[in-house]
Amino acid sequence: MTDLKKKVLVTGATGNVGRRLIAMLVEAGVTPRALARDPRSAGLPAEVEVVRGDLTDPGSLDAALEGVDSVFLLWPFLTAEGARPVVDAIGRHARHVVYLSAFSVRDDRTENGVWGEMEQLIEQTGAQSTFLRAGGFATNTLGWAGEIRGTGVVRAPYAGAARSLIHEADIAAVAALALTEDGHTGWRYVLTGPAVLTQAEQVRVIGEVIGRSLRFDEQPPEEAREQMIAAWGNPAFVDQALGYWARIVDEPEPVTRTVEELTGRPARTFREWAHDHAPTFQR
C-alpha cells in the first residue's frame, strides 16, 4: 500500500534517475523534497520542495532532512571517502534509506568497491534499508554522443563487452515503489535491462534508431586507460572498470526479471532507451 503522507528526500534529484523519480513521486501523489546545491537552478516542477544541501558538506544536510521519513541516496563519487558523516546524518533523521547500489556487490565477499562500502555504512546506522543493485546504466552510452554526432565512429575498448543495460526510468520506478510502499525494507534488488547487448551492438542499435550507419572502432585498453585516468583521476577505479569490461566479453552480465516482478511491466529495452534519447545522438 502506498503511503502518500511520507516525506521523501531525493538526492541526485537533478540527474537522470532523480528527475524520473521526482516525476513519478509527484504523479503518485507524494510531495518529494529534492536536495540541490543551488535550488534556484534545479529546474524541478513547482510542486516539488527544493532544499539547499551538498553531499560534500554534511553540515548542510540536517535542515534538509528535518521531518523526513525516507531518503533516496545516490552517492555520485568514485570512493566512499567523506560518506560516513553524510550517512550518519541521514540515519539520525530517516527511518528508511533506499540506496542506488551496483549489482557487482556480492554478499558472499568482503571487497565490493565503493558500493559495498556504502551499503555497510548505511547498515551501521541502524536505519531500515533497501538496496537497488543496478546493472550498467544505459545513460552511460551518452558519453558516445559527441563521436556519433561527429564522425559516426565510437572508439572505445572491448567491443564484445556484453551488458544488460537498464533504462533510468526502470530504476526510478523501483525506487518509487520502495520509497512509498511497505514491504521493501531489507531487500537487495538486482536490477537489469531485459537483454544482453555487446557494446558494438549498442552502437548499431543507436544507429538504427537515428537512421545512420555507425561503427564501433575497438580501442587498445592501454590507450583507453590513459584517457580515462585523465578524465576520472582515479587509476584504481579505471583499472577496476577495464578489468570488468574485459571479463564480460566472455562472461556476459546476467539478466533479471526484478523490474517486471516489482512494477508489473517488462523492463524497457535498450532500443526503447535509444528512442527516448535519440535527439542527443542526432546531428
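What you see is a predicted model, and the numbers here were worked out from it, not measured in a lab.
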Trainee: Could you please spell out the steps behind the side chain to side chain contact (heavy atoms under 4.5 Å, CB included) verdict for L55 and L35?
Mentor: CA-CA 9 Å; L55 295 180; L35 189 74; 4.1 Å; yes
Trainee: Assess whether side chain to side chain donor-acceptor pair (under 3.5 Å) is satisfied between D69 and H96, documenting all intermediate values.
Mentor: CA-CA 7 Å; D69 299 296; H96 183 207; over 6 Å; no
Trainee: How about CD on E261, more than 12 heavy atoms from neighbouring residues, nucleotides or ligands closer than 6.0 Å, or not?
Mentor: yes
Trainee: List the residues meeting side chain to side chain donor-acceptor pair (under 3.5 Å) with R40, not counting sequence neighbours, and say none if there are none.
Mentor: D38
Trainee: Between T198 and G160, which heavy-atom pair has the shortest distance, and what is it?
Mentor: CG2-O, 3.7 Å
Trainee: Does the distance from a Lys or Arg side-chain N to an Asp or Glu carboxylate O, for D57 and R37, drop under 4.0 Å?
Mentor: no
Trainee: Applying salt bridge (Lys or Arg N to Asp or Glu O under 4.0 Å), name anything that partners R155, two or more places apart in sequence or on another chain.
Mentor: D217, E223
Trainee: Could you tell me whether the side chain of R20 and the main chain of G15 form a donor-acceptor pair under 3.5 Å?
Mentor: no
Trainee: Between Q202 and T141, do the side chains contain an N or O donor and an N or O acceptor separated by less than 3.5 Å?
Mentor: no
Trainee: Please report, to 0.1 Å, the donor-acceptor pairs under 3.5 Å made by any side chain of residues 165-179, with sequence neighbours excluded.
Mentor:
unit_1	atom_1	unit_2	atom_2	d
H167	ND1	A169	N	3.0
H167	NE2	D276	OD2	2.8
E168	OE1	W273	NE1	3.0
E168	OE2	H277	NE2	2.8
D170	OD1	R268	NH1	2.4
D170	OD2	R268	N	2.7

Trainee: Of all the heavy-atom pairs spanning H93 and D62, show the shortest one and how long it is.
Mentor: NE2-OD1, 3.0 Å
Trainee: What is the minimum heavy-atom distance between S164 and V196, and which atoms define it?
Mentor: CB-CG2, 4.2 Å
Trainee: Tell me, do I148 and V154 make a side-chain contact under 4.5 Å, heavy atoms counted?
Mentor: yes
Trainee: Does some side-chain heavy atom of T269 sit less than 4.5 Å from a side-chain heavy atom of V205?
Mentor: no
Trainee: Checking E251 now: which residues fulfil salt bridge (Lys or Arg N to Asp or Glu O under 4.0 Å) with it, not counting sequence neighbours?
Mentor: none
Trainee: Quick check on E47: does its CD atom have over 12 non-hydrogen neighbours (other residues, nucleotides or ligands) under 6.0 Å away?
Mentor: yes
Trainee: Could you go through the side chain to side chain contact (heavy atoms under 4.5 Å, CB included) check for L73 and M118 one step at a time?
Mentor: CA-CA 10 Å; L73 177 60; M118 291 298 296; 4.0 Å; yes
Trainee: Linking I/L/V/M/F/W/Y whenever any side-chain heavy atoms sit under 4.5 Å apart, do F281 and F270 land together?
Mentor: yes
Trainee: Are the side chain of T192 and the backbone of T256 linked by a donor-acceptor contact shorter than 3.5 Å?
Mentor: yes
Trainee: Is a donor on one side and an acceptor on the other found under 3.5 Å between the side chain of T185 and the backbone of Q128?
Mentor: no
Trainee: How close do A42 and R19 get, counting heavy atoms only, and between which atoms?
Mentor: O-NH2, 2.7 Å
Trainee: Can you run down the ring-ring contact (aromatic ring centres under 6.0 Å, His included) pairs that involve residues 104-157, sequence neighbours left out, and say none if there aren't any?
Mentor: none
Trainee: Going by the angle between their ring planes, with limits at 30° and 60°, are W75 and F77 parallel, tilted or perpendicular?
Mentor: perpendicular
Trainee: Give me the atom names and distance for the closest heavy-atom approach of L242 to P157.
Mentor: CD2-CG, 4.0 Å
Trainee: What are the two closest non-hydrogen atoms of A267 and E272, and how far apart are they?
Mentor: O-OE1, 4.4 Å
Trainee: Under the salt bridge (Lys or Arg N to Asp or Glu O under 4.0 Å) test, which residues partner E253, sequence neighbours left out?
Mentor: R163
